[in-house]
Asker: 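Okay, handing you the structure first.
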There are 2 protein chains.
Amino acid sequence: MATQQRRERERAQRETLIVNAAREMAEADGWPSVTIRKLAERIEYSQPVLYSHFAGRGAIIDAVALQGIAELTAVFKAARTAAEPGDELAALAQAYLDFATANPALFEAIFTLAEGLTFGVDAPEVLKAAFAELYAVFAPLAGDRDPDAFTEVGWAAIHGLAVLNRGGRLRPDLLEQRLSILLERFARP
Amino acid sequence: MATQQRRERERAQRETLIVNAAREMAEADGWPSVTIRKLAERIEYSQPVLYSHFAGRGAIIDAVALQGIAELTAVFKAARTAAEPGDELAALAQAYLDFATANPALFEAIFTLAEGLTFGVDAPEVLKAAFAELYAVFAPLAGDRDPDAFTEVGWAAIHGLAVLNRGGRLRPDLLEQRLSILLERFARP
DNA sequence: TCACAATCCTAGCATCGCTAGACATTCGAG
DNA sequence: CTCGAATGTCTAGCGATGCTAGGATTGTGA
């Protein structure tokens, strides 16, 4: 019947409703205040409904993280394609750091809270696409080194800056100098 | 009275007992399973005793983190002084990554769980000492760049590798190549 | 119309961090 | 030596958490 399809469509709608609500609540008041009860009240359903969509609170965070990774990938691509030739790395790094400061809760979900995401060979397509964007920027700069390893190191450098900066571990007045040093280290062979 | 001093000594002993127990439990079963109740049972006191030493669970984690930073500093110093001249960076990076994999819970406490630690100008002495160790390795390599900023970038690169590796985000078979690329990027002028 | 299936909610369990107030112990002044 | 006061510790409990069992309600298809 067509009713079946409508049901599935409504279910999918409600699922994104949950994910969006969780993300907004986290961005507003932090992840600890994203509780099942408040989330249920927000979407105007009872708590067990959430468990018919997700295995638990952790799975909801994972879903938010996955959505965030997709957005991050889009941001990467936009930065890379909009950059002047030779400035791709600068654009990528800037986009990465901006994303981290603009969406702290989302960033946290992706890199420290998500625990149900699998990596490696059988990772979801979204993850591979995100790394592919990094690869597109770093691989041309790798020279005779392994492009994958080179990408990972470059990624780690940017990510480290983002993480330490988010934790208040770095001097705010050196922000620009850090970025220029980073670029200078990885931009040329 | 001398009783007073004995009391303080016993209190200090019990405080380190708490911190050590928390750390061991976290390293054994992860931080979520370090609950006030289990911690109290472990040290054979009731729960309110813990609150006479620490403001709450978060403060206990902070104490563990602070102790971990002190250890990390010692590891840095040992690696640096034991290294052949010119190999200080390699020794530091190796020590950093080893520390992260050997003490995952401690590492987590330091860099993602601790929230009561203050940084910047009025940071505890332990934190400054830790950064000073990094500075001792990176500053000589800074050339004409700001040595502080250079140190922060180098630290971020190593830290990023540690964090992403801990989250299973990096290819295990590229571990050595990543390290050599990192060194090559920061070791020479 | 009616039996059945899918959907949803109420109510509750175990556990968490944390705290008030009672109890016990030790101290110091008279 | 005595006895109130101060200190230290514990029992019991509060509010809130993630999660789930079982009943009520709705909608479906014969």
Side-chain angles (χ1 to χ4, degrees), chain A residues 1-19 21-23 25-26 28-65 105 108-109 112-116, chain B residues 1-19 21-23 25-26 28-65 105 108-109 112-116:
Chain A
M1 264 304 178
T3 353
Q4 194 75 5
Q5 296 180 8
R6 191 207 61 206
R7 288 253 170 100
E8 292 180 10
R9 205 170 52 234
E10 288 176 349
R11 260 193 83 81
Q13 279 185 6
R14 197 169 57 181
E15 191 151 316
T16 71
L17 180 68
I18 295 173
V19 173
R23 173 176 172 175
M25 288 170 60
D29 301 314
W31 279 109
S33 79
V34 178
T35 70
I36 299 293
R37 282 178 168 80
K38 281 194 263 186
L39 201 44
E41 189 178 12
R42 164 92 166 237
I43 66 169
E44 296 179 325
Y45 281 96
S46 67
Q47 298 130 15
V49 169
L50 297 175
Y51 291 91
S52 76
H53 286 273
F54 300 97
R57 184 174 183 271
I60 297 178
I61 297 178
D62 291 348
V64 173
E108 188 182 3
T112 78
L113 262 37
E115 293 183 345
Chain B
M1 266 303 178
T3 354
Q4 193 76 4
Q5 295 181 9
R6 191 208 62 206
R7 287 253 169 102
E8 292 179 10
R9 206 171 49 235
E10 288 176 350
R11 260 192 83 82
Q13 278 185 5
R14 197 169 57 181
E15 192 151 315
T16 70
L17 180 69
I18 295 172
V19 173
R23 174 176 172 175
M25 289 169 61
D29 301 315
W31 278 109
S33 80
V34 178
T35 70
I36 298 293
R37 282 177 168 81
K38 281 194 263 186
L39 201 44
E41 189 178 10
R42 164 91 166 237
I43 66 170
E44 295 179 326
Y45 282 95
S46 66
Q47 298 129 16
V49 169
L50 297 176
Y51 291 91
S52 76
H53 286 273
F54 300 96
R57 184 175 182 270
I60 296 177
I61 297 178
D62 291 347
V64 173
E108 188 182 3
T112 78
L113 261 36
E115 293 183 345

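Worth knowing before you read on, the calculation uses all heavy atoms, side chains too, and leaves out hydrogens, waters and symmetry mates. Throughout, protein chains are lettered first and strands after them, A, B, ... in sequence-line order, and every chain is numbered starting at 1.
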Asker: Roughly, in whole Å, what's the span from CD in Gln13(B) to P in dG8(D)?
Answerer: 15 Å

Asker: For the helix from dT1(C)-dA30(D) to dG30(C)-dC1(D), what angle separates the axis at the start from the axis at the finish, each from five pairs, in steps of 10°?
Answerer: 10°

Asker: Could you state the atom-to-atom distance from CZ of Arg57(B) to P of dT15(C) in whole Å?
Answerer: 16 Å

Asker: Roughly how many Å is it from CZ in Arg11(A) to C1' in dC8(C), rounded to a whole number?
Answerer: 11 Å

Asker: Using the side chain to side chain donor-acceptor pair (under 3.5 Å) rule, collect all pairs that involve residues 40-51 of chain B, keeping only residues at least two apart or in two chains.
Answerer: Glu24(B)-Arg42(B)

Asker: Encode nucleotides 19-24 of chain C as B, S and - characters from 5' to 3', where the letter depends on protein heavy atoms closer than 4.0 Å: B to the base, S only to sugar-phosphate, - to neither.
Answerer: BB----

Asker: Going by side chain to side chain contact (heavy atoms under 4.5 Å, CB included), name the residues that satisfy it together with Ala26(B), two or more places apart in sequence or in a different chain.
Answerer: Trp31(B), Val34(B), Ala105(B)

Asker: Mind checking salt bridge (charged side-chain N to carboxylate O under 4.0 Å, His left out) for Arg14(A) and listing every partner two or more places apart, or none if nothing turns up?
Answerer: none

Asker: Should Met25(B) and Ser33(B) count as side-chain neighbours, where that means a heavy-atom distance under 4.5 Å?
Answerer: no

Asker: What's the CE-C1' distance between Met25(B) and dC16(C), to the nearest Å?
Answerer: 13 Å

Asker: Got a sec, which residues hit salt bridge (charged side-chain N to carboxylate O under 4.0 Å, His left out) with Arg37(B), two or more places apart in sequence or on another chain?
Answerer: none

Asker: For Leu50(A) and dT20(D), what is the distance between atoms CG and C1' respectively, to the nearest whole Å?
Answerer: 13 Å

Asker: Would you mind reading off the distance between Glu10(B) atom CD and dT7(D) atom P, rounded to a whole angstrom?
Answerer: 16 Å

Asker: Identify, residue by residue, the members of residues 36-46 of chain A with a heavy atom below 4.0 Å from DNA chain D, and return them in order of residue number, or none.
Answerer: Ile36(A), Arg37(A)

Asker: With Glu15(B), which residues qualify under side-chain hydrogen bond (donor to acceptor under 3.5 Å, both in side chains), at least two apart?
Answerer: His53(B)

Asker: Which residues pass the side chain to side chain contact (heavy atoms under 4.5 Å, CB included) test with Ala59(A), sequence neighbours left out?
Answerer: Phe54(A), Ala55(A)

Asker: So, does Arg14(B) get its side chain near the phosphate of dT9(D), meaning an N or O under 4.0 Å from OP1 or OP2?
Answerer: yes

Asker: Just jot down the salt bridge (charged side-chain N to carboxylate O under 4.0 Å, His left out) partners of Arg57(B), sequence neighbours excluded, or say none.
Answerer: none

Asker: With a 4.5 Å heavy-atom cut-off, do Ile60(A) and Val19(A) have their side chains touching?
Answerer: no

Asker: Atom CD1 in Ile61(A), atom CD in Glu108(A): separation rounded to 0.5 Å?
Answerer: 8.5 Å

Asker: Can you list the steps and then say if Leu113(A) with Val64(A) is a side chain to side chain contact (heavy atoms under 4.5 Å, CB included)?
Answerer: CA-CA 10 Å; Leu113(A) 262 37; Val64(A) 173; over 6 Å; no

